[in-house]
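Right, one structure below, let's go through it.
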Amino acid sequence: MSRRIMFIFPAYGNDYELGRLPSWQGCRTPPLGLLSIISYLHAEGHATRLLDVRELIVRHRTVDILPLISREVESYRPDVIGIPLLTAHFEEVRKLTEHLKRRHPDIHLMAGGVHPSVEPELTLTQIDSIDSVCVGAGEEVSLDVAQGNTLREIPGLMLKGSEQFFIDREIEKDIDKYPFPYQGIDNLDFYAGISAYALPNWLCKSLIVVTARGCPFACRFCASEWSRPYRQHSVEYVIEMVKFLAGLDIDTLHIRDETLAASRTRLEAFCEAFQRSGLFFPSGKLRWRCLMRADQVTPDLLASMKTSGCFAVGIGMESGTNRILELINKKTTVEQNAQAARYVMEAGLDLKADFIAGFPSETEEEMLQTIDFMSGLDINGRSLFGFRPMPGSSYYYEFVQSGLLKRDPNCWKNLGEFTEVPDQSFSAVSVERLREITRLGQEKSYGVQYVKVFEDIAAKNPSLVREVAERVGAQIVPLPGTGGEPRFVEVPKPAPPSLTSRLAGKLRGIKRRARSLVGKAGGPSA
């Protein structure tokens with residue numbers, strides 16, 4: 001007997017502000033893992049439902065979401081609810097599942113994602129309301145659940161009370177067997193709507209995709225180790241996926257592979273195929289952005305990428321000192337970081353570089369060197385985060401084994417929320433000084449922010465661009481090859497009130513105060 005599955009993507013942190021923000025200002029990054037599972041189940045003939053709590057907040061303009069979630073659950077009547085659990089979302093998921101278990105005790109609650117994959121037994125112990133955890137990729141486990149297989153016998157699913165019967169699931173290496181994401185969902189507009197934060201500070205309609213799973217590199221701070229081995233979609237699969245996505249009325253694709261240039265030959269094949277397809281600028285309207293490593297950047301490769309519609313690159317540079325880069329096993333140098341930045345900017349592409357402060361044994365001088373190096377780069381965007389030994393990373397296992405890190409429920413938010421200043425230092429400086437240095441770096445890295453928008457997109461959304469310009473500033477970027485220069489949108493400031501209007505305003509104020517005084521004295525108030 002088959003089971004009916006609902007997936008719930010929880011809200012967290014700034015997501016609760018979405019209800020009071022204009023639609024373009026909130027972050028609505030698609031939960032790609034859930035979308036991939038849903039597309040697979042849909043292709044196999046199983047109806048599912050995705051409930052994104054962020055969408056509830058926007059639709060109902062409220063943060064009182066638990067009753068709304070219950071209403072949706074009662075309407076759909078699932079047998080199983082699957083919930084992704086990021087380390088930073090631990091407390092949020094605990095509250096959500098406790099509510100669901102109280103209101104719907106007969107529904108099986110299944111958690112998945114990086115955190116429960118790294119710590120399955122601990123997750124079941126620390127969140128009593130969760131009935132099972134999916135360890136590793138979720139497609140095949142979810143299909144077995146939907147088909148009605150005995151839960152205790154499903155490889156990759158750890159059932160509470162039956163942990164000793166857990167069976168590892170063999171990793172599926174042929175990921176081309178899975179259908180394209182974004183199929184079988186009815187809220188695509190929520191993810192594909194025009195936004196200034198779907199891509200870093202670009203106003204556009206964008207969706208994220210991946211062409212590979214995992215990462216072939218082994219940086220000690222990164223949690224991608226849990227998703228090995230590294231698996232790639234074929235070039236043919238990616239091209240067909242792009243054709244499908246091109247029909248969804250979007251402007252850009254954000255390719256979120258850990259590094260798209262893991263194979264230069266494969267990336268060059270993408271560039272050739274993208275160019276031939278006619279879907280990407282300048283032949284078509286699509287553009288794309290990707291992540292790379294500094295040691296993969298060359299002028300000729302960047303030229304091929306730009307010709308095929310690439311407009312932006314992100315590079316994790318991490319540090320401005322070679323000792324730290326060697327310590328974290330990045331296998332790049334400061335010189336390579338600087339050279340990559342020059343190459344990208346000379347190619348006419350947008351570049352955002354990410355850095356981290358507070359690595360183990362890192363000194364204050366080394367952190368300040370990173371900030372100086374980051375600040376001195378002539379690039380479009382930069383960001384600095386505080387180090388955390390994220391669950392699944394090499395550092396995490398080292399610190400747990402040594403006793404330096406306690407796997408307490410109270411620590412998970414700090415370990416997972418890398419966008420905030422850390423409250424624990426693993427470096428050579430105190431927590432207080434690390435906070436000061438991190439805040440200094442964040443001030444220098446973010447600086448004055450504004451949103452960029454290409455001319456063709458601005459021409460289709462003039463009133464929206466003006467609204468963005470009034471709130472956060474906007475720069476219109478000319479189309480490549482036109483020879484134009486970027487220009488800021490000028491928003492006229494309201495004219496100062498005339499002398500007559502100022503006097504009239506003062507007179508009205510005097511009359512209001514006089515009426516108020518008369519009323520308090522017991523006389524007529526009008």
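Nothing fancy with the numbering, it's 1 onward along the sequence.
Enclosure of atom NZ in Lys460 by more than 12 non-hydrogen atoms of other residues, nucleotides or ligands within 6.0 angstrom is indicated. More than 12 heavy atoms of other residues, nucleotides or ligands lie within 6.0 Å of CD in Glu346, so this atom counts as buried by the packing criterion. Counting non-hydrogen atoms of neighbouring residues, nucleotides and ligands closer than 6.0 angstrom, the CG atom of Asp189 reaches no more than 12 such neighbours.
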Item to check | Stepwise side chain to side chain contact (heavy atoms under 4.5 Å, CB included) test for Phe280 and Leu253 | outcome: CA-CA 10 Å; Phe280 291 92; Leu253 290 179; 4.2 Å; yes
Next on the checklist: Using side chain to side chain donor-acceptor pair (under 3.5 Å), reason through Tyr178 and Glu140 one step at a time and then give a plain yes or no.
Outcome noted: CA-CA 10 Å; Tyr178 298 123; Glu140 302 299 340; 2.9 Å; yes
Next on the checklist: Thr87 vs His115, test: side chain to side chain donor-acceptor pair (under 3.5 Å). Steps then yes/no.
Outcome noted: CA-CA 5 Å; Thr87 301; His115 189 92; 2.9 Å; yes
Item to check | Check against side chain to side chain contact (heavy atoms under 4.5 Å, CB included), Val451 and Arg471 | outcome: CA-CA 10 Å; Val451 171; Arg471 285 178 174 261; over 6 Å; no
Next on the checklist: Walk me through whether His42 and Thr48 qualify under side chain to side chain donor-acceptor pair (under 3.5 Å).
Outcome noted: CA-CA 7 Å; His42 177 75; Thr48 60; over 6 Å; no
Checklist entry - Should Glu44 and Glu139 be marked as a side chain to side chain contact (heavy atoms under 4.5 Å, CB included) after you check the CA-CA gap, both sets of side-chain angles, and the distance that decides it? => result CA-CA 11 Å; Glu44 294 294 323; Glu139 285 92 347; over 6 Å; no
Next on the checklist: Quick one, Glu240 with Lys243, criterion salt bridge (charged side-chain N to carboxylate O under 4.0 Å, His left out). Give me CA distance, side-chain angles, the key distance, then yes/no.
Outcome noted: CA-CA 5 Å; Glu240 290 304 313; Lys243 290 178 181 177; 3.4 Å; yes
Item to check | Test side chain to side chain donor-acceptor pair (under 3.5 Å) applied to Thr211 and Asp257, step by step | outcome: CA-CA 6 Å; Thr211 77; Asp257 298 22; 2.4 Å; yes
Checklist entry - Does the pair Tyr237 and Phe180 meet the rule for a side chain to side chain contact (heavy atoms under 4.5 Å, CB included), with working shown? => result CA-CA 9 Å; Tyr237 177 98; Phe180 311 139; 3.5 Å; yes
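Using cut-offs of 30° and 60° for the angle between ring planes, the Trp412 and Tyr396 rings count as tilted.
You'll find the ring centres of Phe387 and Tyr395 inside the 6.0 Å limit. For an aromatic pair to be called close, the ring centres must be under 6.0 Å apart, and Tyr197 with Trp202 fails this.
Side-chain N or O atoms of Arg220 include none that pairs as donor or acceptor with a backbone N or O of Ile328 at under 3.5 Å. Not a single donor-acceptor pair under 3.5 Å links the side chain of Ser132 to the backbone N or O of Leu159. Judged by distance alone, the side chain of Lys160 and the main-chain N or O of Ile130 form a donor-acceptor pair under 3.5 Å. At distances below 3.5 Å, at least one donor-acceptor pair connects side-chain atoms of His99 with backbone N or O atoms of Leu66. Between the side chain of Asp79 and the main chain of His108, no donor-acceptor pair closer than 3.5 Å is present. A side-chain donor-acceptor contact under 3.5 Å links Gln296 to the backbone of Arg293. At least one donor-acceptor pair under 3.5 Å links the side chain of Arg388 to the backbone N or O of Gly386. Using modelled atom types, no side-chain atom of Ser162 and backbone atom of Phe165 make a donor-acceptor pair closer than 3.5 Å. For Ser75 (side chain) and Arg71 (main-chain N/O), no donor-acceptor pair under 3.5 Å exists by modelled atom type. With hydrogens and angles ignored, the 3.5 Å screen pairs a side-chain donor or acceptor of Ser39 with a backbone N or O of Gln183.
The existence of a salt bridge linking Asp144 and Arg3 is excluded, since no basic side-chain nitrogen approaches an acidic carboxylate oxygen closer than 4.0 Å. Ion pairing of Asp249 with Lys205 is present here, as a side-chain N (NZ or NE/NH1/NH2) and a carboxylate O approach within less than 4.0 Å. Checked for salt-bridge contact, Lys452 and Asp350 meet the test: a charged N lies under 4.0 Å from a carboxylate O. No salt bridge links Glu72 with Arg103; every basic N to acidic carboxylate O contact stays at or beyond 4.0 Å.
In this structure, the side chains of Lys177 and Tyr40 come closer than 4.5 Å at one or more pairs of heavy atoms. Side-chain contact between Leu143 and His46 is present, with heavy atoms from C-beta onward closer than 4.5 Å. The shortest side-chain heavy-atom distance between Tyr450 and Asn201 does not fall under the 4.5 Å cut-off. Between Arg213 and Ile175, some side-chain heavy-atom pair lies under the 4.5 Å cut-off. In this structure the side chain of Leu286 never reaches within 4.5 angstrom of the side chain of Phe274, judged on heavy atoms. Counting heavy atoms from C-beta outward, Lys352 and Arg289 have side chains that approach closer than 4.5 Å. Residues Arg54 and Tyr16 are not in side-chain contact: their nearest non-hydrogen atoms beyond the backbone lie 4.5 Å or more apart. Put simply, the side chain of Gln336 does not reach to within 4.5 Å of the side chain of Met317, judged on heavy atoms.
Thr123 approaches Pro116 most closely through the heavy-atom pair OG1-CA, 3.6 Å. For the pair Ala196 and Leu203, the tightest heavy-atom approach, listed with the atom from each and the gap, is N-CD1, 3.9 Å.
Rounding to the nearest 0.5 Å places CZ of Arg287 at 15.5 Å from NE2 of His254.
Cation-pi check for Arg382 over Phe355 is not met; the charged atom does not lie both under 6.0 angstrom from the ring centroid and within 45 degrees of its normal. A cation-pi arrangement is not found for Arg28 relative to Tyr191, the charged atom failing to lie both closer than 6.0 Å to the ring centre and inside a 45° cone about the ring normal.
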Let me have the donor-acceptor pairs involving side chains of residues 300-316, under 3.5 Å, with sequence neighbours excluded, atom names and distances please.
{"from": "Asp300", "atom 1": "OD1", "to": "Arg264", "atom 2": "NH2", "distance (Å)": "3.3"}
{"from": "Asp300", "atom 1": "OD1", "to": "Thr298", "atom 2": "OG1", "distance (Å)": "2.7"}
{"from": "Asp300", "atom 1": "OD2", "to": "Arg264", "atom 2": "NH2", "distance (Å)": "2.8"}
{"from": "Ser304", "atom 1": "OG", "to": "Asp300", "atom 2": "O", "distance (Å)": "3.3"}
{"from": "Lys306", "atom 1": "NZ", "to": "Ala347", "atom 2": "O", "distance (Å)": "3.1"}
{"from": "Thr307", "atom 1": "OG1", "to": "Ala303", "atom 2": "O", "distance (Å)": "2.9"}
{"from": "Ser308", "atom 1": "OG", "to": "Ser304", "atom 2": "O", "distance (Å)": "3.3"}
{"from": "Ser308", "atom 1": "OG", "to": "Met305", "atom 2": "O", "distance (Å)": "2.8"}

If you look only at distance, which donor and acceptor atoms sit under 3.5 Å apart when one is on a side chain in residues 4-15 and the other is two or more places apart or in another chain?
{"from": "Arg4", "atom 1": "NE", "to": "Tyr76", "atom 2": "O", "distance (Å)": "2.8"}
{"from": "Tyr12", "atom 1": "OH", "to": "Glu417", "atom 2": "OE1", "distance (Å)": "3.2"}
{"from": "Asp15", "atom 1": "OD2", "to": "Tyr12", "atom 2": "N", "distance (Å)": "2.9"}

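Just one residue in the list Ile194, Asn461, Leu199, Ile250 forms a side-chain contact (heavy atoms from CB on, under 4.5 Å) with Cys204, and that residue is Leu199.
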